[in-house]
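Take a look at the structure below.
Bear in mind that the values here come from a model prediction, so they are computed numbers and not experimental data.
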Amino acid sequence: LFKNLCIHQVFGANTDVGKTILTSGLVRASAAKKNKVFYLKPVSTGPIQHADDEHVRRHAGPHKDLVTARWVYRFDEPVSPHLAHQSFRESLRRPDPIIINSRSHPTALLGVHSPTLSGTTQLDSYRPLFLPSILVGDLRLGNISSTISAYESLLLRGCIVDSTLLFKDVNFWNISGLILQSMEHPPLREMDPSRNVLATEGHYHQLSSDNDAGLLGVLEHLDERHEERIRELHSMARGRLDTV
């Protein structure tokens with residue numbers, strides 16, 4: 001826990017729930033507030049042009065000079081990390097040493113119980129770090145249970161879930177116990193690549209703007225939770241003395 005370093009790890013309740021999009025939006029919105037932002041992808045698989053860290057850099061916005069996006073391990077094959085490690089170990093690449101001195105958004109691959117390089121679940125692998133978490137949920141029909149299950153799995157392992165982000169869906173809003181914050185769906189993919197880039201950029205601009213549909217309110221909530229933890233830490237000694 002660092003006073004001037006706000007770190008969150010991002011988990012997804014499932015695959016294809018918009019984890020990369022929402023995390024990229026958080027990075028861009030944070031940079032828009034003149035914060036230095038560090039995005040870390042622990043394990044990246046697949047072609048580099050489709051890598052999440054490349055996507056974050058591509059859509060970092062007008063303050064992209066404040067954004068650093070890195071990875072720890074990268075495999076060229078688009079398969080699960082544990083399969084890539086078993087079958088394509090020769091393609092493993094590692095970056096230069098990493099120094100973090102900014103707001104940071106490490107992001108886990110797929111769901112909370114997806115396997116890591118060693119085969120253990122993402123959640124169990126990252127639990128020793130005890131980083132505050134953001135869960136990207138999925139309220140599409142049939143996936144509400146997976147969101148609740150992922151949330152409960154985080155809680156059962158003692159993780160702190162500061163927020164549950166999701167894209168707006170119709171009618172499904174009462175999920176007891178979750179702090180839900182909803183965002184507008186990204187635009188449908190355009191067949192024309194140039195139009196697709198413009199549409200995606202427009203969506204990120206909306207997410208990082210100061211409006212009801214943006215992520216600045218989410219960042220304020222995350223900052224408040226971080227400051228609350230700092231205050232609790234500083235008050236522990238006084239609380240113990242008062243008890244004695």
Between atom NE2 of H8 and atom CG of L222, what is the distance when rounded to the nearest 0.5 Å? 4.5 Å
S149: what forms a side-chain contact (heavy atoms from CB on, under 4.5 Å) with it, not counting sequence neighbours? S153
Contacts of R195 meeting side chain to side chain donor-acceptor pair (under 3.5 Å) (sequence neighbours excluded), chain-then-number -> none
F130 and I160, any side-chain heavy atoms less than 4.5 Å apart: yes
Do you reckon L156 sits in the same ILVMFWY cluster as L154, going by side-chain contacts under 4.5 Å, direct or chained? no
Take L40 and V72 through the test side chain to side chain contact (heavy atoms under 4.5 Å, CB included) and record every step on the way to the result. CA-CA 8 Å; L40 178 64; V72 180; 3.6 Å; yes
Short side-chain to backbone donor-acceptor contact, H221 and D162, under 3.5 Å: yes
Just so I know, are the side chains of L155 and V161 near enough to count as touching, which here means a heavy-atom distance under 4.5 Å? yes
Less than 4.5 Å apart, side chain to side chain, heavy atoms only: is that true for V56 and V67? yes
Side-chain contact, heavy-atom cut-off 4.5 Å: L26 with L165? yes
Sequence neighbours excluded, the answer for ring-ring contact (aromatic ring centres under 6.0 Å, His included) partners of H226 is none
Would a 4.5 Å heavy-atom cut-off, applied to side chains only, mark L22 and I134 as touching? no
Assigning hydrophobic clusters by single linkage (Ile, Leu, Val, Met, Phe, Trp, Tyr; side-chain heavy-atom cutoff under 4.5 Å), is L131 placed with L5? yes
For the CG atom on L188, are there more than 12 heavy atoms of other groups (residues, nucleotides or ligands in this structure) within a distance under 6.0 Å? no
With rounding to the nearest 0.5 Å, note down the distance linking CG in D53 to OG1 in T68. 11.5 Å
All heavy atoms of R127 vs all of C159, minimum pair found to be CD-SG, 3.8 Å
Which heavy-atom pair separates L135 from A150 by the least distance, and what is that distance? CD1-CB, 4.0 Å
When every non-hydrogen atom of I7 is compared with those of P132, the smallest separation belongs to O-CD, 3.6 Å
Indicate yes or no: at least one non-hydrogen side-chain atom of L233 is less than 4.5 angstrom from one of R229. no
Between CD of Q206 and CG of L215, what distance do you get to the nearest 0.5 Å? 10.0 Å
What is the minimum heavy-atom distance between H59 and E201, and which atoms define it? ND1-OE1, 3.1 Å
Using side chain to side chain donor-acceptor pair (under 3.5 Å) as the criterion, list what pairs up with E54, not counting sequence neighbours. R57
Starting at NZ of K64, measure out to CG of L66 and round the result to the nearest 0.5 Å. 12.0 Å
What do you reckon, are the aromatic ring centroids of H55 and Y39 less than 6.0 Å apart? no
Please enumerate all residues that pass side chain to side chain donor-acceptor pair (under 3.5 Å) together with D124, with sequence neighbours excluded. T121, R157
If I compare all heavy atoms of S30 with all of V37, which pair ends up nearest, and what's the gap? OG-CG2, 3.6 Å
Please check this pair: side chain of T147 against backbone of D138, looking for a donor-acceptor N/O pair closer than 3.5 Å. yes
About how many Å separate CD of Q122 and NE2 of H113, when rounded to the nearest 0.5 Å? 11.0 Å
Is R225 salt-bridged to E228, going by a charged N under 4.0 Å from an acidic O? yes
P187 meets the side-chain contact (heavy atoms from CB on, under 4.5 Å) criterion, sequence neighbours left out, with A199, H203
Which atoms form the tightest heavy-atom contact between Y126 and P42, and what is the distance? OH-CB, 3.0 Å
Are the side chains of K33 and H63 in contact, using a 4.5 Å heavy-atom criterion? no
Taking the side chain as every heavy atom from C-beta outward, state whether K19 and V10 have any pair of such atoms under 4.5 Å apart. yes
